[in-house]
Amino acid sequence: MAVSSGISLAFMVIGLLALVIAFGALWRRTVVGSREAADTGQLTDQVEGERRSQLEKLEREAGQVRARAEAEAAGIVRRASEEAEQAAQGRREVEEEIRAVKDEVRELRSDLERREVRLGEREQRLDDELRRLEDRSRTLDRLERDLGQRSAELEKAGERSRRELERVASLTAEQAKAELVAAIENQAKREAALIVRDIERDARAEGEKRARKIVTLAIQRVAVEQTSESVVSVLHLPSDEMKGRIIGREGRNIRAFESVTGVNLIIDDTPEAVLLSCFDPVRREIGRLTLERLILDGRIHPQRIEDAYERGKAEIEQLCSRAAEDAMTELGITDMHPELVALLGRLRYRTSYGQNVLKHLVESAHIAGMMASELHMDAGLLRRCTVLHDIGKALTHEVEGSHALIGAEIARKYGEPDDVVHAIEAHHNEVEVRTIEAVLTQAADAMSGGRPGARRESLEMYIKRLERLEQIASGREGVEKVFAMQAGREIRVMVKPERVDDIQAQVIARDIAKQVEEELTYPGQIRVTVVRESRATEFAR
């Protein structure tokens with residue numbers, strides 16, 4: 001339709017051009033007839049020029065119109081062809097969709113037909129199965145009736161047989177059943193007892209073998225030095241002249257040294273050496289460091305002795321702390337409370353039956369850890385239990401009671417686990433043992449203390465006697481310091497001069513001597529010396 005309208009427009013433009021040309025010719029003839037002959041040629045030329053210009057103009061316009069018409073016609077034709085092509089493409093797509101729908105419908109129809117066939121077959125099978133079930137139900141009903149009849153007959157026969165057996169055996173059924181059960185029970189008990197005995201014998205043999213292996217391996221893997229503790233330290237001097245300076249004028253330096261440190265200083269004929277004697281190894285070590293500082297300094301007098309003693313005491317505390325930290329590092333324990341570590345450090349210079357307590361704890365911890373590894377237990381927990389089991393010995397001279405119970409209270413105070421606390425309090429059977437950790441702690445403690453050369457009981461008894469001597473004297477009112485000296489043959493008591501006068505000092509000496517006579521057994525005699533000292537100190541400015 002658009003193509004035909006364009007063609008019609010072109011024909012109309014051409015017709016219009018023809019009418020314009022005819023009108024021009026007619027107008028020219030009219031003008032020529034009316035004008036004079038003289039002007040005919042000029043007018044004709046003018047008209048002819050105008051006509052030619054009009055014709056050229058009309059031709060140009062007609063060309064433009066023709067070009068626009070042709071362009072519009074070409075566009076219309078192109079759009080028409082595109083629309084026709086789109087319509088054809090749409091028609092093809094619709095045809096393809098129709099074919100796809102038809103194919104799907106055919107597939108659905110065939111699928112429905114197959115399902116109908118299968119459903120028909122299934123209904124047929126169900127009908128057949130239903131008929132078989134009905135036949136089986138009728139057969140079961142018939143068998144059930146037959147079984148009921150036969151069961152009744154068997155019950156009657158059994159009753160007759162039971163009555164006949166009871167008559168022949170002179171026993172009722174309950175009595176026969178009880179005898180049979182008793183016989184079977186006795187036989188089962190006998191067989192069970194035999195099996196249990198065999199199992200216990202094998203378990204005991206295997207347990208002893210494994211325990212012996214575990215203990216042997218643990219002891220062999222721990223290589224420790226033999227303990228050789230003493231109550232005397234030897235300090236070498238640069239010359240014998242230093243002995244006189246140590247003694248001081250009228251012995252004031254040696255008296256001040258012994259009263260400050262609590263260590264007995266023995267100066268004999270040994271060349272270039274003095275002896276320091278004290279049952280407390282910590283106190284003896286502090287005295288040794290104090291005397292070393294005084295000898296190096298060269299100035300020995302009471303004030304310097306007190307200063308050197310304070311520095312030596314601080315140094316010993318640092319050494320104890322470092323020893324405890326080294327022990328924790330060696331055992332792989334990193335999360336212990338600092339107060340517990342400090343208490344362990346105080347055991348560095350303490351001995352038990354001649355055995356160094358800190359070394360004993362480390363050695364026991366290694367043994368316990370090895371036994372725990374052999375038994376597939378927590379080796380870290382066992383080392384922790386064992387290294388803390390004697391920690392109460394750090395406070396036995398300050399707190400009354402068993403070191404096991406004291407140690408358990410300390411461990412509980414600083415947040416140790418319940419298994420660790422129980423192992424500490426039960427390692428001397430003062431509390432009933434409830435865990436395997438406590439048993440292994442006891443075993444490790446016994447192995448460390450029972451090895452050859454580990455302990456000397458006489459030394460422990462000697463130290464306990466000296467500790468008791470100091471406890472008796474320190475219990476008196478007004479007493480400031482107490483030192484057991486001369487291997488326990490002398491007790492030196494320093495009292496506070498502002499609270500104790502001379503008469504009261506004599507009373508304290510007599511009461512201490514009387515209590516020692518009543519409570520302790522000892523060879524020879526013990527001298528009790530009460531020292532009451534008054535000082536006057538001024539500073540020159």
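Only heavy atoms go into these numbers, but all of them, side chains included; no hydrogens, no water, no symmetry mates.
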Using residues 319-344 as the side-chain source, report each donor-acceptor pair under 3.5 Å to any protein atom, sequence neighbours left out, with the distance given to one decimal.
from   : atom 1 : to     : atom 2 : distance (Å)
Thr329 : OG1    : Glu325 : O      : 2.9
Glu330 : OE2    : His366 : NE2    : 3.0
Asp335 : OD1    : Arg384 : NH1    : 2.8
His337 : ND1    : Glu339 : N      : 3.1

Do side-chain atoms of [X] reach the backbone of [Y] as a donor and acceptor pair under 3.5 angstrom?
{"X": "Glu533", "Y": "Pro497", "result": "no"}
{"X": "Arg255", "Y": "Glu250", "result": "yes"}
{"X": "Glu437", "Y": "Asp419", "result": "no"}
{"X": "Thr386", "Y": "Leu382", "result": "yes"}

- Item | Derivation and outcome, salt bridge (Lys or Arg N to Asp or Glu O under 4.0 Å), residues Glu315 and Arg293 | CA-CA 12 Å; Glu315 184 176 349; Arg293 291 180 182 277; 2.4 Å; yes

- Taking atom CG of Asp111 as the centre, report whether more than 12 heavy atoms of other residues, nucleotides or ligands fall under 6.0 Å from it.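 Yes, the 6.0 Å shell around CG holds more than 12 heavy atoms from other groups.
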
- Around atom CZ of Arg118, are there more than 12 heavy atoms of other residues, nucleotides or ligands at under 6.0 Å?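 Atom CZ in Arg118 is crowded, with more than 12 foreign heavy atoms closer than 6.0 Å.
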
- Message: Taking salt bridge (Lys or Arg N to Asp or Glu O under 4.0 Å) as the definition, give me every residue that meets it alongside Arg434, ordered by chain and number, with sequence neighbours left out.
- Response: none

What are the two closest heavy atoms between [X] and [Y], and how far apart are they?
{"X": "Leu405", "Y": "Val431", "result": "CD2-CG2, 4.1 Å"}
{"X": "Ile391", "Y": "Gly407", "result": "CG2-CA, 3.8 Å"}
{"X": "Ala365", "Y": "Arg383", "result": "O-CG, 3.2 Å"}
{"X": "Ala438", "Y": "His422", "result": "CB-CD2, 3.9 Å"}
{"X": "Thr290", "Y": "Ile305", "result": "CG2-O, 3.9 Å"}
{"X": "Ser259", "Y": "Lys481", "result": "O-CD, 4.1 Å"}

- Task: Side-chain contact test, heavy atoms from C-beta onward, threshold under 4.5 Å: evaluate it for Arg492 versus Val482 and give yes or no.
- Result: no

- Below 4.5 Å, heavy atoms only, C-beta onward: do Arg283 and Thr261 meet side chain to side chain?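 Result no, sub-4.5 Å side-chain heavy-atom pair not found.
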
Basic-acidic side-chain contact under 4.0 Å: [X], [Y]:
{"X": "Glu285", "Y": "Arg348", "answer": "no"}
{"X": "Arg132", "Y": "Glu129", "answer": "yes"}
{"X": "Arg288", "Y": "Glu292", "answer": "yes"}
{"X": "Arg527", "Y": "Glu490", "answer": "yes"}

Side chains of [X] and [Y], donor plus acceptor under 3.5 Å:
{"X": "Asp445", "Y": "His360", "result": "yes"}
{"X": "Asn253", "Y": "His301", "result": "no"}
{"X": "Gln442", "Y": "Asn429", "result": "yes"}
{"X": "Glu467", "Y": "Gln471", "result": "no"}

Determine all donor-acceptor pairs shorter than 3.5 Å in which one atom belongs to a side chain in residues 500-511; sequence neighbours excluded.
from   : atom 1 : to     : atom 2 : distance (Å)
Asp501 : OD1    : Gln504 : N      : 2.7
Asp502 : OD1    : Arg532 : NH1    : 3.1

- When the ring centroid of His403 is compared with that of His427, is the distance short of 6.0 Å? yes

